K.L.:
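The structure follows.
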Amino acid sequence: THPHKQSGSEDEREKRKREREKMDPGTTATPLAVRRTAAKSLPRVVPISPETRAIIKEKTGKEYLTSAELPAELELPNCRDLVDVSALGGVTTKLDLEGCTAVTDVSALGGVE
């Protein structure tokens, strides 16, 4: 066969495309796949670092291991040692980080107030 010709008939190619879409319904079967669903809509369970867990426990008296365990509201004011807030995206309603001057990256927090 010619190296630039595609193998199989049009029907066979369509059938293979549908089979690939069944295996991964979130993408199209093209080389430059585009997600049909937003990545942020997927639940994310992130482990909370030991340092952040210790700060949360000191402020709240409760220990949380993952972002999924966090309450909807979390108040951590004036935690000058708090740096890693990547797992705090599990807080959905209110997150108080006032006075937490060491925090530099809040990109993982999503739309929390």
Side-chain angles (χ1 to χ4, degrees):
T1 65
H2 190 276
H4 297 292
K5 287 187 178 179
Q6 294 182 2
S7 63
S9 70
E10 180 92 22
D11 290 336
E12 290 171 351
R13 287 192 302 271
E14 284 300 312
K15 183 179 177 182
R16 286 193 301 267
K17 180 180 174 182
R18 284 191 302 275
E19 288 300 316
R20 285 192 299 267
E21 287 175 339
K22 284 181 191 174
M23 288 187 287
D24 187 2
T27 62
T28 61
T30 62
L32 297 174
V34 178
R35 290 188 71 80
R36 291 184 184 151
T37 55
K40 290 188 180 205
S41 67
L42 300 174
R44 246 183 68 191
V45 177
V46 178
I48 302 171
S49 72
E51 297 84 4
T52 302
R53 279 200 325 261
I55 292 168
I56 293 171
K57 187 171 184 177
E58 178 184 316
K59 288 287 188 175
T60 68
K62 298 178 182 175
E63 187 166 7
Y64 303 99
L65 300 177
T66 68
S67 58
E69 298 172 0
L70 290 169
E73 294 187 11
L74 185 61
E75 296 190 21
L76 302 172
N78 302 311
C79 294
R80 305 223 188 280
D81 295 334
L82 182 62
V83 176
D84 180 11
V85 296
S86 60
L88 301 185
V91 177
T92 56
T93 307
K94 181 181 178 186
L95 178 61
D96 181 359
L97 297 175
E98 185 177 349
C100 301
T101 55
V103 175
T104 57
D105 182 6
V106 295
S107 61
L109 296 181
V112 70
E113 180 184 322

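Being a predicted model, the structure only gives us computed values, none of them experimental. Starting from 1, each residue takes its place in the sequence as its number.
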K.L.:
What pairs with Ser67 under side-chain hydrogen bond (donor to acceptor under 3.5 Å, both in side chains), at least two apart in sequence or on another chain?
P.N.:
none
K.L.:
So which atom in Glu98 and which in Asp96 form the shortest heavy-atom distance, rounded to 0.1 Å?
P.N.:
N-OD1, 3.0 Å
K.L.:
Does the Thr52 side chain pair with the main chain of Asp84, one donor and one acceptor, at a distance under 3.5 Å?
P.N.:
yes
K.L.:
Throw together a table of side-chain donor-acceptor distances under 3.5 angstrom for residues 70-81, partners on residues two or more places apart or in other chains.
P.N.:
unit_1, atom_1, unit_2, atom_2, d
Arg80, NH1, Gly99, O, 2.8

K.L.:
Just verifying a value: how many Å separate Cys100 SG and Leu88 CG, rounded to the nearest 0.5 Å?
P.N.:
9.5 Å
K.L.:
Please report the closest heavy-atom contact between Tyr64 and Ile56, naming both atoms and the distance.
P.N.:
CD1-CG2, 3.6 Å
K.L.:
Indicate, with yes or no, if Leu95 and Val106 share a hydrophobic cluster defined by side-chain heavy-atom contacts under 4.5 Å among Ile, Leu, Val, Met, Phe, Trp and Tyr.
P.N.:
yes
K.L.:
When hydrophobic residues are tied together by side-chain contacts of less than 4.5 Å, even through go-betweens, does Val85 share a cluster with Val46?
P.N.:
no
K.L.:
Where do Ala108 and Ser86 come nearest, in terms of heavy atoms and distance?
P.N.:
CB-O, 3.5 Å
K.L.:
When rounded to the nearest 0.5 angstrom, what is the spacing between CD in Glu69 and CZ in Arg53?
P.N.:
9.5 Å
